[in-house]
Visitor: 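The structure follows.
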Amino acid sequence: MNEDAVIKLAQEGNREALKLLFEENKKKIFSLAYQYTKNAEDAEDILQEAFIKAYRSLHRFNIKNGNSFSPWLCRIGINCSIDHLRRNKIRKEKDMIVNNMENLTSYDADSNPENTSAQREIREKIDQTLNKLSGQQKIIFILRHYQQLTTGEIAEYLNCSEGSVKRQLFRAVSAMKVHLKGLILENKYEMQKI
Amino acid sequence: MKCKKYEEKIILHLYGELGEKEGAELENHINECPECSRDFAYTKKVFKALDKSKEEIPEANWEKCWREIDAGAHKKSTLQKNFFLFPRWAYAGAALLLVFVLGAIIGRFLFFPGQRVSDEQALIPGSIQFTLQEYFEELKPVLVEYANYTSAEKREETIFMDKEIARNLLIQNILLRSIVAKTDPTLVQLLDDVDIVLKEISNLKKEDRQTPSLIRELIQEREILFKMEVLQKI
Ligand SMILES: [Zn+2]
């Protein structure tokens with residue numbers, strides 16, 4: 001059964017069709033949301049929110065224009081991610097202060113032997129840098145670097161020009177370059193391992 | 001960094017996004033320019049570090065997610081639910097919508113006399129979404145103009161028009177804001193941000209050169225256009 005037929009069925013309220021769309025797209029949306037929020041629970045919430053929103057506005061999705069479902073859903077997922085993070089920001093900041101000690105212990109107890117302290121430091125720096133970017137820069141960076149979409153595809157997803165995507169991407173990567181400088185260049189750690 | 005244009009190209013090259021010709025040209029330059037060569041080597045290291053610290057995506061509880069979606073998808077949307085379940089609210093909303101539609105008709109009459117508003121569509125409560133989309137369509141060109149504002153432009157002639165349009169949009173914004181007040185917090189936040197921008201435009205003075213830049217920053221900082229764009233896709 002092709003995608004158009006499945007969407008049409010889902011538009012008519014067919015539950016199985018919606019399930020099929022869920023199965024085909026769940027991983028993509030979840031990983032995007034996870035990379036954006038760095039929290040599995042939040043990513044699950046976003047996945048749910050995105051699908052419910054998509055389902056409710058599915059009647060506005062036009063198959064005939066040669067649109068494909070996945071980018072459309074991704075756009076909804078992107079929007080949900082940005083909103084979710086902003087909504088939770090204040091709550092999270094409060095939690096962070098309270099749970100600071102617990103977080104530290106759980107970090108140290110990380111059983112992954114690959115997770116050397118140098119790598120952990122770099123990872124923390126990357127996360128910090130990501131959080132300093134604007135919502136749009138962050139999502140563009142994630143889509144390009146982790147989801148491996150081309151800048152052309154990202155432009156299509158976000159409905160903006162490719163030039164603008166490239167500029168934002170440049171800013172995001174430049175920020176990474178600046179913030180990682182001390183950790184990567186100082187030869188404090190063996191770079192081969194990183 | 002002297003070779004600014006190569007700095008950006010190095011990044012695109014590492015993403016495999018430079019064409020053959022441009023890629024070759026960049027590599028030639030890197031071979032000749034020690035500074036770019038260093039930058040290239042360092043950027044590669046940064047990419048490696050980024051890849052290395054890429055987190056594994058955990059497995060989600062797919063079944064639980066599906067159950068929530070299945071349950072949520074078949075409920076009425078909060079917007080519609082609030083509208084139909086609370087008669088007093090619906091009543092107030094309908095009254096506001098009526099005012100809004102009147103405002104829209106008057107507004108259109110003044111500024112777009114060629115277009116006609118389809119009032120039956122606008123009066124159906126379920127069509128708030130539609131109304132919103134229409135509102136965004138009107139709002140967007142104004143915001144785009146200010147988002148791209150540069151002080152070199154001569155704006156004196158158009159400021160009068162902008163102020164009128166902004167005032168008209170502001171009324172719509174306030175009404176829409178009150179209609180969606182208890183529903184989607186994202187949308188409410190967006191309308192609040194728009195509110196600030198429109199108020200600034202409405203109060204612009206001809207000789208004021210600074211406020212338009214502030215408005216531009218506000219639009220960019222709050223990512224208003226981006227958010228509208230994404231909301232319109234939904
Ligand atoms: Zn150079």
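Residue numbers start from 1 in every chain, and the chains themselves are labelled A, B, ... in the order their sequence lines are given, proteins ahead of strands.
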Visitor: Please classify the contact of A/Leu18 with chain B as side chain, backbone, both or neither, using a heavy-atom distance under 4.5 Å.
Guide: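 Backbone plus side chain of A/Leu18, per the 4.5 Å heavy-atom cut-off to chain B.
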Visitor: Decide yes or no for A/Gln48 and B/Arg67: does some side-chain heavy atom of the first lie under 4.5 Å from some side-chain heavy atom of the second?
Guide: no
Visitor: Hey, are A/Lys19 and B/Asp70 close enough for a salt bridge, meaning a charged N less than 4.0 Å from a carboxylate O?
Guide: no
Visitor: Is the ring centre of B/Trp62 less than 6.0 Å from the ring centre of A/Phe30?
Guide: yes
Visitor: Please determine whether side chain to side chain contact (heavy atoms under 4.5 Å, CB included) holds for the pair A/Lys177 and B/Thr43, giving the CA-CA distance in whole Å, both sets of side-chain angles, and the decisive distance to 0.1 Å.
Guide: CA-CA 7 Å; A/Lys177 282 165 73 179; B/Thr43 310; 3.1 Å; yes
Visitor: Report the residue from A/His145, A/Gln148, A/Lys166 that forms a side-chain contact (heavy atoms from CB on, under 4.5 Å) with B/Tyr15.
Guide: A/His145
Visitor: Considering residues, nucleotides and ligands other than A/Lys132, do more than 12 of their heavy atoms fall under 6.0 Å from its NZ?
Guide: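 Above 12, so yes.
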Visitor: Counting only non-hydrogen atoms closer than 4.5 Å, does A/Leu58 touch chain B with its backbone (N, CA, C, O), its side chain (CB onward), both, or neither?
Guide: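 Contact with chain B is absent: no heavy atom of A/Leu58 under 4.5 Å.
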Visitor: Tell me, yes or no, whether the heavy-atom count around B/Glu56 atom CD, taken from other residues, nucleotides or ligands under 6.0 Å, exceeds 12.
Guide: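 No, because the 6.0 Å sphere around CD of B/Glu56 holds 12 heavy atoms or fewer from other groups.
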Visitor: Need one label for B/Gln220: side chain, backbone, both or neither, based on atoms under 4.5 Å from any heavy atom in chain A.
Guide: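 B/Gln220 has no heavy atom closer than 4.5 Å to chain A.
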Visitor: Can you confirm whether A/Phe22 sits close enough to B/Ile69 that some side-chain heavy atom of one is under 4.5 Å from a side-chain heavy atom of the other?
Guide: yes
Visitor: How far apart are the closest heavy atoms of B/Gly72 and A/Ile52, and which atoms are they?
Guide: CA-CD1, 3.7 Å
Visitor: Would A/Lys181 pass as a cation-pi partner of B/Tyr42, given that its NZ or CZ must be under 6.0 Å from the six-membered ring centre and within 45 degrees of the axis?
Guide: yes
Visitor: Using a 4.5 Å cut-off on heavy atoms from C-beta on, say whether the side chain of A/Glu44 contacts that of B/Glu68.
Guide: no
Visitor: Which pair of non-hydrogen atoms, one from B/Glu8 and one from A/Arg167, has the smallest distance, and what is that distance?
Guide: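 Distance-wise, the nearest heavy atoms are OE2-N, 4.3 Å.
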Visitor: If every non-hydrogen atom of A/Ile122 is compared with every non-hydrogen atom of B/Ala49, which pair is closest and at what distance?
Guide: CG2-CB, 4.2 Å
Visitor: Which region of A/Lys38, side chain (C-beta onward) or backbone (N, CA, C, O), has a non-hydrogen atom less than 4.5 Å from a non-hydrogen atom of chain B, or is it both or neither?
Guide: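 The side chain, not the backbone.
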Visitor: Can you tell me which portion of B/Glu223 sits under 4.5 Å from chain A's heavy atoms? Options are side chain, backbone, both or neither.
Guide: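 For B/Glu223, side-chain heavy atoms alone lie under 4.5 Å from chain A.
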Visitor: When you look at A/Gln35 and B/Lys54, which way does the side chain to side chain contact (heavy atoms under 4.5 Å, CB included) test go after all the steps?
Guide: CA-CA 9 Å; A/Gln35 276 153 351; B/Lys54 184 179 169 181; 4.2 Å; yes
Visitor: Show the nearest heavy-atom pair for residues B/Glu55 and A/Tyr34, with the distance to one decimal.
Guide: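 Residues B/Glu55 and A/Tyr34, closest heavy atoms: OE2-OH, 3.0 Å.
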Visitor: Contact part of B/Ile11 toward chain A, heavy-atom cut-off under 4.5 Å: side chain, backbone, both or neither?
Guide: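 Looking at B/Ile11, just its side chain touches chain A.
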Visitor: Donor-acceptor pair, B/Glu17 side chain versus A/Thr151 backbone, under 3.5 Å?
Guide: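 Side chain of B/Glu17 to backbone of A/Thr151: a pair is present.
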Visitor: Would you say the side chain of A/Asn79 lies within less than 4.5 Å of the side chain of B/Lys227, judging by non-hydrogen atoms?
Guide: yes
Visitor: Specify which of B/Val46, B/Leu50, B/Leu12 makes the most heavy-atom pairs with chain A at under 4.5 Å.
Guide: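 The residue among B/Val46, B/Leu50, B/Leu12 with the greatest pair count is B/Leu50.
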